[in-house]
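Everything below concerns the one structure shown next.
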Amino acid sequence: MRTAEHKDVLVRVEDLKVHFPILRGLLKRQVGAVRAVDGVSFDLFQGETLGLVGESGCGKSTTGLAMLRLLDPTSGRIVFGGRDVASLDQRELRASRKHMQMVFQDPYSSLNPRMTVGSIIIEPLNVHKIGTPAERRGRVQELMRLVGLNPSFINRYPHEFSGGQRQRIGLARALATNPSLIVADEPISALDVSIQAQVVNLMADLRGQLGLTYLMVSHDLSMVRYISDRVAVMYLGRIVELGRRDPVFDTPRHPYTRALLSAIPTPNPKRERERRRIVLQGDVPNPANPPSGCRFHPRCPLATDVCREADPALRNIGGLPDGPPHLVACHHAENV
Amino acid sequence: MKTRKTLIAASAALVALSLLVSPLMASAQAKTDKTIRQAFRTGCMAGPLYTTCGNRLDETVLQGLAHVTWKGDGVKALLAESWSTPDKGATWIFKLRKGVKWHDGKPFTADDVVFSYNTYADPAVASIIANNLSDVKGYEEFRSGKASSLSGVSKIDDHTVKFELNGPRPLWVELKQIYFSILPKHILGDVKPSELARSPFWTQNRVGTGPFKWSKYVPDQYVEVVRNDDYFLGKPKADRIVYRIFADIPSILNALAANEVDVMSYEGGGIPVSDIERMQKVPTLTVLPNVDAGLPTYLQFNFAQPFLKDVRVRQAMIYAIDREKIIATVRKGTGKISNTMFPATWAQSPSLNPYKYDPVKAKQLLKEAGWDSSRKIDFIYYYADQVNKDTVTAIQAYLAAVGVNIVPRLLNPAEIQTVYKDGTFEMGYFANGQGLDPSLGALTSTCGAQLSFTYCNKRVDELYDLGLSESQREKRAPYYQEISKILNEEAFRGWLWYEVRPLAFNKRVIGASEHYAEMPTLIFNLPVYNEVEKWDVK
Amino acid sequence: MIATSSEPLAAGAEPMPTGESLWAKARKRFFRHKLAVLGLVVLTVLVLMAVLAPLIERYSPIDLDLGSMSQAPSAAHWLGTDTTGRDVWSRIVHAGRVSLSVGLVAVSISTFIGVLIGGISGYAAGKVDMALMRFTDIVMAFPSLVMIITIASVLGPSIYNTMLVIGILTWPGIARLVRGQFLSFREQQFVLAARSIGVTPFQIMVRHLFPNVVGTVTVAATFGMANAILQEASLSFLGLGVQAPTPSWGNMLQDAQSHAILEGTPWLWIAPGLMIALAVLSINFIGDGLRDALDPRSVH
Amino acid sequence: MTTYILRRLLVSIPILLGITVIVFFVASKMPGDAVLAMISTETPQAEDLIKLRRGQLGLDLPLYVQYGRWLWQLLQGNLGYSFQTGESVIDILLARIPATLQLMGTALLIAIVLGVAMGVVSALKQYSRTDYTFTFLGFAGISIPDFFLGMVLVYLLAIQWPLFPTSGISTAGEPYSLVDNLRHLALPALALGLVRTATFMRYTRTSVLEVMNNDYVRTARAKGLSEWLVVVRHILRNALIPVVTVIGLTLPVLFGGSVIIEMIFQWPGIGLMFIGAVTARDSPVIMGYVLFSAVMVQASNLLTDMAYSFLDPRIRYD
Amino acid sequence: MPSLLEVRDLVTRFYSEGAVIHAVNGVSFSLDTGASMAIVGESGSGKSVTVMSLMRLVRFPPGRIEGGEVIFEERDLLRLSEEEMRRIRGNRIAMIFQDPMTSLNPVLSIGLQMTEGLRAHLGLGERAARDRAAEMLSLVGLPRPKERLDDYPHQFSGGQRQRIMIALALSCNPALLIADEPTTALDVTVQAQIVELIQGLREKLGMAVIWISHNLGLVAGVVDKVAVMYGGHIVEQSPVDELYEHPRHPYTLGLLKAIPKMDGRDQGRLFSIDGMPPDLRRPPESCPFAPRCIYAVDRCRQALPPLDELGAGQSVRCWRADEVAALNVAGAMR
């Protein structure tokens, strides 16, 4: 895959927090919060694909939604095109939607069953009043061809399409306004293996053709590895490791990343039989009440006293001098 | 598949349930005592002070000085032995029956009588029959708060009471006195007048002097009274009477047909004529299909409406309706044609206009009066039973045939008085009458009377007052006959027919049906002496 | 279906576009529901009878003939005559107009109010939702018949008041339904998707949410109409509904209250009773069919 | 849980207040009033009597004052006194509530037992002849007006074949006996309950069908459990949870239905009392009835929710 | 020694809304005592229906097993009475399912759900059943098993529930465990735990296991042989090493190539199988994969190829299997 040139920052996310209040008692007072995203910062470079990986509940999807302000962040900044998306008013926000779009996980519920394919794809053009009605219709046809759908199906309903086709419709809708950023939330996880490759290929092609920037939220590490330039690994609302793809996958510096990678099965019986997995003990803790110190320490095979007490910051650990840094949040990163 | 088990379990549950209610388990109740089961209307429990139907229980429990006899031919002395008037009706001396005891054993005395009349008149009590005492001296003062008691009622000795009236009222006993049942002073004397309505006396322990003693009241179900062995007219034959409370007629009929009640007197208007045939088929019942209610039914005109002021219009409406046909069909042959106010034949003029059905004449009269047939007339009625609804429908059809278009409107009982008062109607289908004697009650055609609806004929009022000044029927008859003639000619009302109140009695009760069969005219809203103590059970 | 619920059973779950709209599919499913089709046929007949009443009546429904009262069905009077000699067939046919339109108008009123309040409540959420739902609770906690009796005695009995009273007291069910649907659709990704392309909240409500509840509302309205016809009958039974001489199935049945009629002239109650039961039954069957046909879960 | 109940109770206060305000003002708009209603239609009455009585009952005060008085009394635990009989409304209610509860309870039981049984069988034999028959019967049930069913039942089972008494709650004037009471109960309870069977049947059927497709039912079968255990323990247990909601929804409807049924069968409950009170414009009694039924509905909603959390361990209120 | 399980020509169909869905169209395979195999395929390939059929858990309506034999421990399961079959289910053959969130009854305690099978099959009393249940829970690594017996499913995490399901399935010492996508709904790290657990228990208890999966990677290290299903047919069946090294069927090949390699560098375009799975309402008479197959020739579109025995336990249903193998000498291995 092409490696993007890392020069222009398209989106800068600074200390993003998304907390969901927990209400209790007679008067429904807030007694705590689920810290779904708890201080996440990263840059998204023009034209790159950043893979955001982690297990369910780690806050990766929430991060994606908050970036587009489909969820209101509790605090933090999301700088896009020189403006903080987190502080736009509703009107400005709606206008900004033109430039940042989303592809959703569930190809079934993400398309309105009562709308035709044509009206689904044309809606963003109508909303943002792009072109004349005739131009819009032409654009819809063009978009359908672009994502590999037969434009003659324009008046069909979503239920008549397969999951893969629906995901293409969703892509066409997202691309309608020529956005520069696409947040893709697990775009292939609901699809069968043989279909997944079709969609992934399409997304890769489109990035090349249209110069898109992707934030790819996924739990499928092999697919992330395939499509991403850089990878961020999240655990319990935090990014624990962020760096260029190959260093992260080949020489992970965070024990969690290591465990995650070791758990991925490969279609090679011999290697599988010989492989020693790092099997993590226990489950992910409750994000309403995260552990002290390093959030991973209760499950970490390398945990020491310092991990229980001090919350490790993301620090650069040997990124290439000319490229983006390789960030890790672990006291023992050097020993991993 | 063991869904069968589900089925079995479910049906077993059902069988168990149905067994529980199985009629086989309920053997017929052995009625060893002599119980008369009588149908009774709901909403009459507040007693004679507050409801007009409240005195229905007074023939058995409470009693008055005198009640109207069941034959309607006079007044039966009860708690009073006799009475006299030294001055043609301005003063009345009542001798009370001696040795009468209240059901709780206390003696009945003149104090009770004085107490009772003061109670009925007391503004704080606000009895709805108080105005029947308006002739008694001191009534106005008492009502307006200038006096604290009724000065016209006084005790002479323990068994003599004197009533002083504002002037001579020769018919005062027959017309006014009979409304009042005597209340026990030793029980109610301490109750605050304004709290009287709430007293448990009415529902839990209605101590009276009548042939039966209060035993039990179960709300909305029944009132039970048991024999008073010490009744002053002799020990009653039945052991007890159970008044079963009903809120509607169809249920009473069902209960009668199923032998669940024995007596249906005139509760709620008697048996609907549509059901007479069916009730007659029930072998256990004696049905009296044609008991005269003494009640003329008529078209009411609101004289405040200019278009009804023309006598020809009113007459035309009577001519337009084939009353014979309606009686024969809709009303199943019950009732007789009426052409004037008074049901009693001796009070009717022999030369009344019979208003025979004549649509041609009706049209003629309307034409002469310049009738506008596009007018829609607001026509109210309040009898919601099928026969009367059908009757209204028939009247509507007959009137429409001559170009008079009425729009019927059914009134709720609570609205009737409002409509009367405000005159917010144009015509109506009403029933109201003097019953036995024109002098009972008030003449509704009197100038300014509520039910005259602005009709006024001074001559009629004059004649009526003349009638009241005489105590003998023969002397009063000519006055009444003249009134009947005038009202007939002027079509004060569009008289239709005299109603019947068909009644039914279970044959196991002896005495009741016999009495009612002999009644010339049914009397209601008055305490009637029905000789309940002589009723018996087979 | 069976087997695994998360794995669509048939590979056929991935069809090529068939060109069948959701409505066409729903129609197909509806016509497979035998009872619903039966209901549709019966209701169509009833509606036709009502519409064509002036053509198929044989006598005036209001003019009486005291010469031929309470006659048994015959060639002259197909369903006999009533207690004032009116032709029962003609009255039944005319009563159909009244009863069906009472049902239709009442349910239209309640659906309108219900969709409005439920929609606003479901979309606005928060305090507005709270207030509207409390109000709905209030109306819902009235035993409706009791309230109907009270209001009907205030307004006075008439055909329009009957429609109005039934309409303004039966909307909470629909409001709750619409609110619930809105709340659940709000969580669907297509609403998120609409927001993500900058659609305004009002447009989301109108274009995205509303079309999705049309099916459910239709089903509820159908059952509501069946219920409204029954309510009319109850009201008329209490003398608070449609007033004589205008015939409605309810007040014709009220006329049969007397056991004399129950026993002696059964055609007076069998006919209206049957008509009520037929109308309500067929509407209920249609509702059931619609529910099966429009249930979003039954869409593969 | 306690906080939850407390909060629900708090929330129900404005609801009850709203209901009573609305009913009070609506009822006051009914034509005529308690005094006029008491006067016989045939007897003209003196104006001063009417005025006096109105003053005594407080009917001459402005409406909001009347309502305020009523509310003040309510806070002191007094529902006022009947205009008609002067009895305390609480006593009036207490004397009649057991009868209504017996009728409604039995009707509900009939509806639930029959409805659930039919619904379960219908679902287990989906698309069978039994299913169609039950469906048809069920719908026929909800398509018949309950008063009409009541009339027909009286006609057939009390008059033509006198197996049951025509009306009343027990034989008047006889000492209470359970058998006698149940015989009187049979017809009204059937009339009220049968027509509501279908609601339970439909809900149960749908619910069972839904539960049957759940993975855990497959698990239960895969465990080799007997079909009986699978149905009763795994399907029914879960399927009946949503049916509990229907009980809550049915209650207001039952209140309405019982008014008419109590009328037809002269059942001495609060429905009969209510009709009488409306006719008599006896607003303290009307208010008493409305308050009671509203409280019942609120309480049943709360109980339903609590039953839910009892039946389904996943649901915990706080 | 006879096989533990021998499935021959199994045919299962579903009847729904007027259509017939040909879900399983003549599937045959066998499994030895203590051995393990995988059935791999995508949604709708018929893999789940196959195992549901052999458990006789396909309910009619809408589904019906229309043919074939399932010989288990020398008895044909399809000919047993319902009662006899019940004694085998959960006892000799146990099953765990894809979604641990929904496979346990939410309103019954874990203890009850674990003991009801024990009581039905082993006739244990309540005490004994609870002891056994607790023992099983500790075997699958659930902490404090005794105390947790009275908890409800929602009080456990997804991974724990799947452990409970495993404990439940193994509590009667089955000879065969069918694991129907047991890890699909779980996170990668938990997946790994569960796979290890089942693998470990299999060795410990000596039972045979059938894995159902759509993920060729997941089963690679844990089974002896693999059957690949497509369109209701087994298209290829091989010993595990053979299948991954020398896939014979174009579909197997495609699947393997569609998975991005974790150990590779830039892979260029991902291999993708165009088109969609067949509509089983109208199953083709020919090779079901033909419309999507890059190797398809006319013959493929005309007739269904037989399942050719290639020796060494390998068989393939493809007219051009040899050519395909030759064209992909290197196989999918990289």
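On a predicted model such as this, the values are computed, not experimentally measured, just so you know. In the text below, chain A, chain B and the rest are named by the order of the sequence lines, each starting its count at 1.
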Measure distances from [X] to the heavy atoms of chain D and classify the residue's part below 4.5 Å as side chain, backbone, both or neither.
X: B:Leu411; value: neither
X: B:Val125; value: backbone
X: B:Ser127; value: backbone

Hey, are D:Glu174 and B:Arg240 close enough for a salt bridge, meaning a charged N less than 4.0 Å from a carboxylate O? yes
Please report the closest heavy-atom contact between [X] and [Y], naming both atoms and the distance.
X: D:Ser167; Y: B:Phe246; value: OG-CE2, 3.7 Å
X: B:Arg244; Y: D:Ala172; value: CD-CB, 3.6 Å
X: D:Ile159; Y: B:Asn254; value: CD1-OD1, 3.2 Å
X: B:Ser194; Y: D:Gln56; value: CA-NE2, 4.1 Å

Donor + acceptor pair across side chains of B:Thr203, D:Glu87 (<3.5 Å): no
Euclidean distance, B:Thr418 OG1 relative to D:Asp33 CG, rounded to 0.5 Å: 6.5 Å
Measuring from D:Leu272:CG to B:Gln221:CD, what's the distance to the nearest 0.5 Å? 10.0 Å
What residue among D:Gln266, D:Glu262, D:Met273 forms side chain to side chain contact (heavy atoms under 4.5 Å, CB included) with B:Asp220? D:Met273
Which one of B:Glu195, B:Glu224, B:Arg198, B:Arg143 has the most heavy-atom pairs closer than 4.5 Å to chain D? B:Arg198
Based on non-hydrogen pairs under 4.5 Å, which of B:Ala258, B:Ala449, B:Ala247 is most in contact with chain D? B:Ala247
With respect to chain B, which residue among D:Ala158, D:Ala280, D:Pro165 yields the maximal number of heavy-atom pairs within a distance under 4.5 Å? D:Pro165
Taking side chain as everything from C-beta outward and backbone as N, CA, C, O, which of these in D:Ile264 sits under 4.5 Å from a heavy atom of chain B? Side chain, backbone, both or neither. backbone
